[in-house]
Amino acid sequence: MKRSLVMTLMVAALAFAMVLPLYAAAAKKAPADGLAMKTPEGMKATKPLVKFNHSKHTEAKCADCHHKKAGANEYAGCDTKGCHADIAAKTGKESFYAAFHGNNAKSCVGCHKAKKEAKPNIPTACDKCHLK
Ligand code: HEC
Ligand code: HEC
Ligand code: HEC
């Protein structure tokens with residue numbers, strides 16, 4: 001009787017220890033506004049660098065922008081090698097430019113254009129994101 005109780009407690013403690021990190025990862029908080037974005041290594045910015053505000057994007061789920069497939073690296077910078085670090089290509093998955101201006105729901109401009117009718121003030125002009 002006593003032994004099975006000890007076993008139960010041990011199993012419960014183990015399960016807790018295993019689940020806790022998953023919970024912590026899922027509960028990751030979005031960083032403060034004004035997050036300074038940058039260009040990949042070796043690319044000189046031609047436009048004023050974008051500062052991103054998470055607080056204006058709470059309508060979207062984290063995974064609408066961040067990629068689950070990156071696993072532990074889910075919140076790594078977009079310009080991480082192997083992600084969107086191709087500075088030459090203007091299109092394609094690894095293109096740095098396309099990640100933000102591509103015609104798809106995950107890119108900044110792609111999502112903004114899709115929502116323009118419902119939200120006329122949503123920025124689609126260059127200097128509304130690349131603030132001088
Ligand atoms: C909805 C926001 C948004 C809009 C609108 C937007 N961009 Fe960007 N752009 C970004 C983000 C984010 C990056 C990546 C971070 C950075 O470079 O500041 C970027 C990067 C770039 C880059 C590569 C880095 C550099 O500075 O050379 C160029 C070129 C660029 N944008 C041009 C444009 C042009 C031209 C327009 C207008 C036709 C435009 N962007 C409109 C968000 C936007
Ligand atoms: C609309 C798109 C979008 C949404 C939604 C979004 N993020 Fe982000 N997040 C970004 C961008 C863009 C960056 C900057 C990436 C870079 O610097 O290359 C970023 C960066 C981060 C970072 C890294 C901060 C740092 O200092 O390096 C964390 C952590 C993060 N986001 C967490 C979250 C969480 C948690 C959520 C959901 C509650 C979330 N984000 C929702 C676009 C988004
Ligand atoms: C999934 C859709 C979606 C994506 C992806 C997205 N946005 Fe937005 N963004 C929105 C919506 C919706 C609003 C309007 C929020 C409101 O109603 O105020 C917005 C508002 C903004 C604004 C105006 C508010 C402010 O922060 O000054 C900027 C700038 C902006 N987004 C930049 C970006 C950049 C840069 C990216 C990519 C790194 C991005 N957005 C990606 C949906 C998106």
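All residue numbers refer to positions in the sequence shown, counting from 1. Order of appearance sets the numbers: ligands from 1, and atoms from 1 within every ligand.
- Here's the thing with T124: none of its N/O atoms is less than 3.5 angstrom from an N/O atom of ligand 1.
- When non-hydrogen atoms are compared, ligand 1 lies under 4.0 Å from the backbone of A125 (N, CA, C, O) but not from its side chain.
- Here's the thing with H112: one of its N/O atoms is less than 3.5 angstrom from an N/O atom of ligand 3.
- Within the coordination shell of atom 8 (Fe) of ligand 1, defined by N, O or S atoms under 2.8 Å, C129 is absent.
- Closest to atom 8 (Fe) of ligand 3 among the N, O or S atoms of H57 is NE2.
- More than 12 heavy atoms of other shown residues, nucleotides or ligands fall within 6.0 angstrom of atom CG in D64.
- The protein atom (non-hydrogen) at minimum distance from atom 23 (C) of ligand 1 is M43 CE, 3.8 Å.
- Atom 11 (C) of ligand 3 has as its closest protein heavy atom I122 CD1, 3.4 Å.
- Residue K106 touches ligand 3 through its backbone alone, judged by heavy-atom distances below 4.0 Å.
- The presence of a protein heavy atom under 4.0 Å from atom 8 (Fe) of ligand 2 is confirmed.
- Atom 25 (C) of ligand 1 has T46 N, 3.2 Å as its closest protein atom, hydrogens excluded (heavy atom only).
- Judged by the shortest distance from any of its heavy atoms, S107 lies inside the 4.0 Å radius around the atoms of ligand 3.
- In this structure, L35 has a heavy atom closer than 4.0 Å to ligand 2.
- Inclusion of C108 in the first shell of atom 8 (Fe) of ligand 3 is not supported: no N, O or S atom falls under 2.8 Å.
- Scanning the protein heavy atoms around atom 34 (C) of ligand 1, the nearest turns out to be C126 SG, 3.5 Å.
- In this structure, atom 4 (C) of ligand 3 has protein heavy atoms in its sub-4.0 angstrom surroundings.
- Here the shortest heavy-atom distance to atom 35 (C) of ligand 3, taken over D33, N121, V50, belongs to V50.
- Applying the 4.0 Å criterion to heavy atoms of T39 picks out, from ligand 1, the atoms 17 (O), 24 (C).
- Y97 CD1, 4.0 Å is the protein heavy atom nearest to atom 22 (C) of ligand 1.
- D79 approaches F96 most closely through the heavy-atom pair CB-CE1, 4.0 Å.
- Nearest to atom 28 (C) of ligand 2 among the protein's heavy atoms is P31 CD, 3.5 Å.
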Stepwise side chain to side chain donor-acceptor pair (under 3.5 Å) check, S55 with D33: CA-CA 7 Å; S55 78; D33 281 356; 2.6 Å; yes
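- Among all protein heavy atoms, the one lying closest to atom 27 (O) of ligand 3 is N53 ND2, 3.7 Å.
- The closest approach between a heavy atom of K38 and any atom of ligand 2 is not below 4.0 Å.
- The angle H66:NE2 - atom 8 (Fe) of ligand 2 - H54:NE2 amounts to 180°, with values rounded to 10 degrees.
- Protein heavy atom in closest approach to atom 16 (C) of ligand 1: L49 CD2, 3.7 Å.
- At the shortest separation from atom 2 (C) of ligand 3 among protein heavy atoms lies C111 SG, 1.8 Å.
- Closest protein heavy atom to atom 37 (C) of ligand 2: C62 SG, 1.9 Å.
- Taking a cut-off of under 4.0 Å to the non-hydrogen atoms of C65, the atoms of ligand 2 that pass are 1 (C), 2 (C), 3 (C), 4 (C), 5 (C), 42 (C), 43 (C).
- Using the six-membered ring where Trp is involved, H67 and H84 have ring planes that are tilted, between 30° and 60° apart.
- Of the protein's non-hydrogen atoms, the one nearest atom 21 (C) of ligand 1 is H101 CE1, 3.3 Å.
- Annotation: K106, atom NZ; neighbour count of heavy atoms from other residues, nucleotides and ligands within 6.0 Å is above 12.
- In terms of N/O distances under 3.5 Å, ligand 1 is approached by H130.
- Protein heavy atoms are absent from the space less than 4.0 angstrom from atom 18 (O) of ligand 3.
- Among protein heavy atoms, atom 15 (C) of ligand 3 sits closest to K56 O, 3.4 Å.
- Side-chain heavy atoms closer than 4.5 Å link hydrophobic residues (I, L, V, M, F, W, Y) into clusters, and following such links, even through other members, never connects F100 to I122.
- Protein heavy atom at the shortest distance from atom 42 (C) of ligand 2 is F52 CE2, 3.4 Å.
- Close contacts between ligand 2 and K28 involve ligand atoms 29 (C), 35 (C) [criterion: under 4.0 Å to a heavy atom].
- Numbered from 1 in the order shown, with element, the atoms of ligand 2 that lie under 4.0 Å from a heavy atom of M37 read 12 (C).
- From the protein, the heavy atom lying nearest to atom 12 (C) of ligand 1 is F100 CD2, 3.6 Å.
- Less than 4.0 angstrom separates some heavy atom of G77 from each of these atoms of ligand 2: 16 (C), 18 (O).
- The nearest pair of heavy atoms linking H57 to H112 is NE2-NE2, 4.0 Å.
- The environment of NZ in K51 is sparse: at most 12 heavy-atom neighbours from other residues, nucleotides or ligands sit within 6.0 Å.
- Of the polar atoms of E59, none of the N or O atoms is found under 3.5 Å from an N or O of ligand 3, judged by distance alone.
- For ligand 2, the atoms sitting less than 4.0 Å from at least one non-hydrogen atom of A60 are 5 (C), numbered in the order shown with element in parentheses.
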